[in-house]
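So the structure is just underneath, and the comments pick up after that.
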Amino acid sequence: MIDRLHNLVAQKLGVRREYLGRLSPLAYFGMAFLAVVAFVAIFAPWLAPYDLTHMDVTRQLEPPSADHWLGTDENGGDLLTLVIYGTRVACMVGISVVSISATIGIILGAVSGYFGGKVDEVIMRLTDIMMAFPGILLAILIIFITQEPSLLAVILALSVSAWAGYARLVRGQVLSIRDQAYVEAARALGLPSKRVLFRHVVPNTLAPVIIQATFGVAGAILAEAALSFLGLGPQDMPSWGALLDQGANYFLLTTHLAIFPGIAIMLTVLSINFVGDGLRDILDPRGLTRH
Amino acid sequence: MSKFLVRRFFASLIVIFGVVTLVFFTMRAAPGDPVDAILGEQAAEEDRTALRECLNLIDEDGDPVPVIEQYVLFWGDVLNGTLGELCDEPGVTVAERLIENIPPTFELALAAMFFALMVGLPLGILAALRPYSWVDNTTAVVSLMGISIPNFWLGPMLLILFSLTLQWLPNPGAGVAGLSALVLPAITLGTAMSAKLMRMTRSSLMEMLNQDFVRTAKAKGLPSTKVVLKHALRTALIPVITIVGLQFGALLTGAIIVEKIFARPGVGTLLLDGIEQRNYLIVQGSVLFISFTYVIVNLVTDLVYAWVDPRIRYD
């Protein structure tokens, strides 16, 4: 995948691909760590030392010990087990939010940039309105009205808040290549607009979208954790953010609950950002996307 | 320029219109009866009727109000600046509750921004002056960590270190006001912004240092500090202005989290309490306030940008 993109970009810029540089060691570290996270998420039930429903009310908020490597939470559940299951929520949220929001954003942005005129005006005003809600604010509002937030509700709320960024990015890209000779040629051949747009234009706008989507995974994981920290996360699954919420409540009593879930979030997000930075060095040597 | 001003101003008005509309319909899209959600299903019938009337769901005669009329009434509350009267405290408006809570939130946001500028700008400049040196590499990794560490983790970590272990700074909710109670919240909120500023300043200044006018300044024998600070940095800071403006919105939503961690009063705490008590008016009022502020800050940022960079295209 990366190799193919690498070739594509080199071809587009008209340079030998060796000049584009290689993926940095940090990016490799990031990919290795993310592979571990994915492995843990898939095999969580076999890796976790305890059952997810295990609770021992006589052993609440215990610091790390031989029985509970990372200690226990406020219900006497095993923190390591909860952190392991938390990778599932993080992966599901990260991947689904980016897939949904990037798909909506690419379609709307491409249509907006390619056809221009009234359609463009309407879609762009819509993105302006979506972007007037900073960060997780719109997601907070959506979760508030759904009352009992489920994982699905959180994913949808975050997707609704995130598509506008992709739409703007793709629109800009489409505008810059819409009038290139090969697009004209495709039109001159009499291909339908839909085919020209999605087979000839959009694929050539994807390099910066892939970079933004990579950072988007990190953003979605952070946003879900933030919602859970505020008590607005999925109530049906253990989330790192909810564990940190407990940690912040009990930090005067014990510190392990605040430390370990945070390390999990930080390492995951840091790894994704390493990969994103590495991809940008390769795919976007002219710095079109800024973090 | 004036054409640009007018256009930009009208674009902001459209956005405000859209925000109000979106918030209204989102609140009305709630599944189930909001009155059940607020009062519980066992509530007395007269309480329910009173609340329905207060929320403009029914009129004085008990007839349901059409959605369009509710929407118009909603606009009335926005335009007269009250954002509606609270149902549980007659005579108190949402705007009054917001006004009480704005100063601590702005104090926090400005302190965080000050911290971010104080840390982000100098480190970004240092990194740009010595690219690929150890300073640059260290700041690159540190800034990536600053972006990756969530503020709801950084806050508790700082508390554990500085107020629990070292006991240099007060605990949250200890009733201590003043500067010492603002230090940790400001660092917690400002770290991510300082990291982004650092990266932006670095890349922007590095680009400028390769420009012809900087080479000319060097060639005519100006001292290098003067070349960097007066010629390159001034131009390099122009795109940084945009980041500061855009990040202000992140500061406002970040403040919701930081106020929770440090048990500070503010708009974020008002919003969270409103969510907990299922107070629809407080929730929609706080969301509207944060969005409006963000839209206005972005408008001002754009105008400042156009003012300092006359090359900007006005279309």
Side-chain angles (χ1 to χ4, degrees), chain A residues 26 124-126 128-147 160 215 218 221-223 225-226 228-232 240-241 244-245 247-252 255 257-259 261-274 276-277 287 290-291, chain B residues 11 14-19 21-23 26-27 29-32 34 37 140-141 144-145 147-157 159-160 164 171 196 199-200 203 207 246 248-254 256-257 260-261 271-272 274-276 278 280 283-284 287 290-292 294-295 298:
Chain A
L26 285 178
M124 281 304 110
R125 288 297 82 77
L126 207 59
D128 286 349
I129 292 164
M130 302 307 288
M131 290 182 125
F133 296 93
I136 55 169
L137 191 64
L138 189 59
I140 290 178
L141 188 69
I142 295 174
I143 303 278
F144 170 72
I145 61 143
T146 59
Q147 299 183 24
V160 167
F215 292 122
I221 291 174
L222 281 178
S228 292
F229 181 79
L230 296 175
L232 298 168
W240 291 337
L244 273 182
D245 182 22
N249 285 336
Y250 297 113
F251 86 97
L252 287 172
T255 53
L257 257 175
I259 294 175
I263 292 178
I265 297 178
M266 190 194 76
L267 285 179
T268 309
V269 171
L270 193 62
S271 302
I272 299 171
N273 285 339
F274 280 153
D277 271 5
R290 287 238 158 89
H291 190 23
Chain B
I14 294 175
V15 169
I16 296 254
F17 172 82
V19 165
T21 309
L22 191 63
V23 167
T26 308
M27 298 303 286
V141 174
L144 209 51
M145 284 182 73
I147 293 170
S148 308
I149 294 176
N151 46 18
F152 46 89
W153 188 48
L154 184 61
M157 288 299 109
L159 277 174
I160 289 170
L164 207 63
N171 282 334
K196 283 176 189 159
R199 288 164 72 109
M200 188 72 199
S203 64
E207 213 178 304
L246 283 173
F248 192 77
L251 289 185
L252 285 177
T253 34
I256 301 172
I257 289 166
K260 179 181 159 142
I261 300 170
L271 173 64
L272 289 181
I275 289 175
E276 193 135 316
R278 302 215 66 80
Y280 279 58
V283 172
Q284 72 190 21
V287 169
I290 294 175
S291 301
F292 287 176
Y294 186 44
V295 171
N298 275 343

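Reckoned from all heavy atoms, side chains included, excluding hydrogens, waters and symmetry mates. Note on naming: letters A, B, ... go to the chains in the order of the sequence lines (proteins, then strands), and numbering restarts at 1 for each one. The model shown is predicted, which means the values in this text are computed figures rather than measured ones.
- Top candidate by heavy-atom pairs under 4.5 Å with chain A, chosen from Leu272(B), Val283(B), Val295(B), is Val283(B).
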Side-chain donor/acceptor pairs under 3.5 Å, residues 129-140 of chain A, sequence neighbours excluded:
none

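- A donor-acceptor contact shorter than 3.5 Å links the side chain of Trp153(B) to the backbone of Ala258(A).
- A heavy-atom distance below 4.5 Å is not found between the side chains of Val269(A) and Met145(B).
- Contact count versus chain B (heavy atoms, under 4.5 Å) is highest, among Asp128(A), Ile259(A), Ile265(A), Ile143(A), for Ile259(A).
- The most heavy-atom pairs under 4.5 Å with chain A, out of Val141(B), Val19(B), Ile149(B), come from Val19(B).
- Residue contact with chain A, scored on non-hydrogen atoms closer than 4.5 Å, involves the backbone and the side chain of Ser148(B) alike.
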### Task
Kindly indicate, with the supporting measurements, whether the criterion side-chain contact (heavy atoms from CB on, under 4.5 Å) is fulfilled by Ile261(B) and Phe229(A).
CA-CA 10 Å; Ile261(B) 300 170; Phe229(A) 181 79; 3.6 Å; yes
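- Evaluation of the side-chain hydrogen bond (donor to acceptor under 3.5 Å, both in side chains) rule for Thr255(A) yields no partner, not counting sequence neighbours.
- Of the possible donor and acceptor atoms, none in the side chain of Arg125(A) sits under 3.5 Å from a partner among the backbone N and O of Gly18(B).
- Heavy atoms of Ala218(A) lying under 4.5 Å from chain B are absent altogether.
- Looking at Ile275(B), the atoms closer than 4.5 Å to chain A (heavy atoms on both sides) sit in the backbone and in the side chain alike.
- With a threshold of 4.5 angstrom between heavy atoms, Leu232(A) approaches chain B through side-chain atoms but not through N, CA, C or O.
- With a 4.5 angstrom heavy-atom cutoff, Tyr294(B) touches chain A only via side-chain atoms.
- Contact of Leu230(A) with chain B is made through backbone and side chain together, with heavy-atom distances under 4.5 Å.
- Minimum heavy-atom separation, Met27(B) to Leu141(A): SD-CD1, 3.5 Å.
- Heavy-atom distances place the side chain of Asp245(A), and not its backbone, under 4.5 Å from chain B.
- Per-residue counts of heavy-atom pairs under 4.5 Å with chain B were compared for Leu244(A), Asn249(A), Ile272(A), Thr146(A); the largest is that of Leu244(A).
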